[in-house]
Amino acid sequence: TNINVNDGNILKIFGGNNQGGTTNNSNINVNGAITQYIYGGNNQGGTTINSNVIVNNGTVSKIFGGNNEGGTTTSSHVYTYGGNITDVYGGGDKAITNETHLKINSNIQNSVFGGGNEAGVNNNTYIELNNATVENNIYGGGNEGTVGKDTYINVKDTICNNSIYAGGNGITATVYGNTNLVMQGTKNNIKNSVFGGGNKAETGTKENNNSTSLVNIVGANVGKNVYGGANTSIVYGITKTNIGYDAVLDSSLEKGDVKISGTVFGGGEANEAGSEIYDFSYISVTEGTTINIDGNGHENFEILGSIFG
């Protein structure tokens with residue numbers, strides 16, 4: 001299916017079917033209009049094999065790469081190049097997606113989720129942000145939905161006016177595999193903190209205890225702290241935090257200035273925001289943390305706070 005939207009006021013757009021059937025490829029191109037909800041896949045059931053949502057202009061409240069209430073999207077792809085967009089989800093609202101891909105090159109008024117809203121992603125999520133501005137948070141995982149395997153976020157020359165979480169958001173948004181965050185380029189500006197894990201969401205499981213939370217930074221201005229772990233949750237496994245081009249050792253990345261105005265933690269944040277009650281017995285990473293820092297080759301390289309393993 002091919003849907004081209006240039007003008008008008010629209011409640012919902014679906015790339016696929018309503019209650020059943022299979023759509024091999026859905027393509028939604030938005031060049032204008034005011035739209036409340038866009039779904040790359042189906043509405044209440046059925047399967048969309050490959051969904052593509054491309055937004056060049058217009059106003060959109062929520063974009064879902066996957067289905068709405070039921071069925072499955074095999075592979076979702078969302079591309080934003082312009083327009084006024086509030087939230088972007090790589091997955092579905094309440095329906096499973098197997099794998100998600102986001103490329104954000106625009107201004108997002110609220111948050112970006114690699115996963116779904118209440119729905120899970122069976123395999124991996126992938127997010128690429130390049131010359132983007134996100135007014136709230138960026139999550140590699142879902143809002144309330146799980147990710148069955150790994151999350152990947154690549155942030156380049158992007159502004160985030162809150163925080164970045166390589167994992168999921170809510171307590172149900174577990175990432176069962178590994179989380180991976182890369183920050184590169186010369187213009188990354190993160191107002192608050194960077195987390196290798198989730199926000200109240202776990203990475204891995206207590207039973208397997210073998211997940212990895214990886215943070216690689218070769219270019220970024222971070223207003224507060226960098227955590228290898230999660231915010232008020234657990235990484236069941238290890239964290240690896242590499243800061244500096246020679247610490248990351250990936251020649252494909254673009255090197256920039258590094259400034260971290262707060263502290264670098266190998267683990268996570270145990271304290272609820274605004275609370276003065278700390279649980280010093282809280283274990284945020286179960287199997288160990290590693291921090292590598294190397295400012296060699298950077299014109300400007302600053303960590304203004306402390307370093308805690």
Side-chain angles (χ1 to χ4, degrees), residues 102-108 111-114 125-141 150-168 175 178-199 203 212-231 235 239-266 268-269 289-305 307:
L102 298 179
K103 291 189 176 181
I104 309 297
N105 301 81
S106 67
N107 188 302
I108 305 300
S111 294
V112 173
F113 300 86
T125 69
Y126 300 89
I127 305 176
E128 294 182 24
L129 300 108
N130 193 343
N131 287 300
T133 298
V134 178
E135 297 296 343
N136 199 0
N137 294 317
I138 300 166
Y139 301 93
D150 305 332
T151 66
Y152 296 88
I153 307 179
N154 192 322
V155 183
K156 184 176 181 181
D157 297 337
T158 286
I159 297 169
C160 175
N161 284 319
N162 204 338
S163 294
I164 299 178
Y165 302 88
V175 174
N178 307 314
T179 58
N180 301 271
L181 171 62
V182 173
M183 304 186 70
Q184 61 167 316
T186 59
K187 300 175 184 178
N188 281 329
N189 196 327
I190 313 306
K191 182 177 180 180
N192 289 323
S193 295
V194 170
F195 294 86
N199 180 38
T203 300
T212 298
S213 169
L214 176 64
V215 176
N216 285 333
I217 300 176
V218 300
N221 180 4
V222 179
K224 292 186 178 179
N225 303 325
V226 173
Y227 299 87
N231 182 36
V235 174
T239 69
K240 296 180 180 179
T241 306
N242 303 311
I243 304 173
Y245 191 77
D246 285 358
V248 173
L249 296 174
D250 185 342
S251 61
S252 69
L253 302 179
E254 181 181 351
K255 176 173 55 180
D257 292 344
V258 172
K259 181 179 180 180
I260 299 167
S261 295
T263 293
V264 177
F265 297 90
E269 173 60 72
T289 66
T290 300
I291 299 174
N292 295 305
I293 297 174
D294 193 334
N296 182 49
H298 290 266
E299 186 174 345
N300 295 293
F301 190 97
E302 298 178 280
I303 298 175
L304 302 185
I307 300 169

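Every value quoted in this text rests on a predicted model; they were computed, and no experiment measured them.
Checked by atom type and distance alone, the side chain of Asp294 never pairs as donor or acceptor with a backbone atom of Gly244 at under 3.5 Å. Looking at Ser261, its side chain never comes within 3.5 Å of a backbone N or O of Lys224 through a donor-acceptor pair. For Asn130 (side chain) and Asn105 (main-chain N/O), no donor-acceptor pair under 3.5 Å exists by modelled atom type. Side-chain atoms of Thr263 do not come within 3.5 Å of backbone N or O of Gly305 as any donor-acceptor pair. The backbone N or O of Thr186 lies less than 3.5 Å from a partner atom in the side chain of Asp157, making a donor-acceptor pair. Of the possible polar contacts, none joining the Thr158 side chain to the Asn188 backbone as a donor-acceptor pair under 3.5 Å is found. A distance-only check finds a donor-acceptor pair linking the side chain of Ser163 to the backbone of Ser193 [under 3.5 Å].
Of the N and O atoms on the side chains of Glu269 and Asn231, not one donor lies less than 3.5 Å from an acceptor on the other residue. Of the N and O atoms on the side chains of Asn192 and Asn162, at least one donor lies less than 3.5 Å from an acceptor on the other residue.
A 4.5 Å side-chain heavy-atom check between Ile159 and Lys191 finds every atom pair outside the cut-off.
Once rounded to the nearest 0.5 Å, the distance linking CD of Gln184 with CG of Asp250 reads 8.0 Å. Distance check: Tyr152 OH to Tyr126 OH gives 5.5 Å after rounding to the nearest 0.5 Å. Atom CD1 of Ile164 sits about 7.5 Å away from atom CG of Leu129, to the nearest 0.5 Å. Separating the CG atom in Leu214 from the OG1 atom in Thr151 is a distance of 10.0 Å, to the nearest 0.5 Å. Note that CD1 of Ile291 is 6.5 Å distant from CD1 of Ile307, once rounded to the nearest 0.5 Å. Taking CD1 from Ile303 and CD1 from Ile293, the interatomic distance works out to 4.0 Å, rounded to the nearest 0.5 Å.
Nearest heavy atom pair, residue Gly228 against residue Ser213, reads O-OG, 2.6 Å. The two residues Thr179 and Gly196 come nearest to each other via the heavy atoms OG1-O, 2.7 Å. Across all non-hydrogen atoms, the minimal contact from Cys160 to Asn136 is SG-O, 3.3 Å.
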Could you go through the side chain to side chain donor-acceptor pair (under 3.5 Å) check for Glu128 and Asn154 one step at a time?
CA-CA 5 Å; Glu128 294 182 24; Asn154 192 322; over 6 Å; no
For the pair Val194 and Leu181, evaluate side chain to side chain contact (heavy atoms under 4.5 Å, CB included) and give the outcome as yes or no after the intermediate values.
CA-CA 9 Å; Val194 170; Leu181 171 62; 3.3 Å; yes
Quick one: do Asn189 and Asn161 satisfy side chain to side chain contact (heavy atoms under 4.5 Å, CB included)? Show the steps, please.
CA-CA 8 Å; Asn189 196 327; Asn161 284 319; over 6 Å; no
From CA spacing to verdict: side chain to side chain contact (heavy atoms under 4.5 Å, CB included), Tyr139, Val112:
CA-CA 6 Å; Tyr139 301 93; Val112 173; over 6 Å; no
Take Asn180 and Val182, measure what side chain to side chain contact (heavy atoms under 4.5 Å, CB included) needs, and give me the verdict at the end.
CA-CA 7 Å; Asn180 301 271; Val182 173; over 6 Å; no
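Identified under the salt bridge (Lys or Arg N to Asp or Glu O under 4.0 Å) test for residues 253-262, with sequence neighbours left out: Lys156-Glu254.
Evaluation of the ring-ring contact (aromatic ring centres under 6.0 Å, His included) rule for Phe301 yields His298 as partners, not counting sequence neighbours.
A side-chain contact (heavy atoms from CB on, under 4.5 Å) with Val248 is found for one member of Ile243, Asn292, Val215, Val218 and no other, namely Val218.
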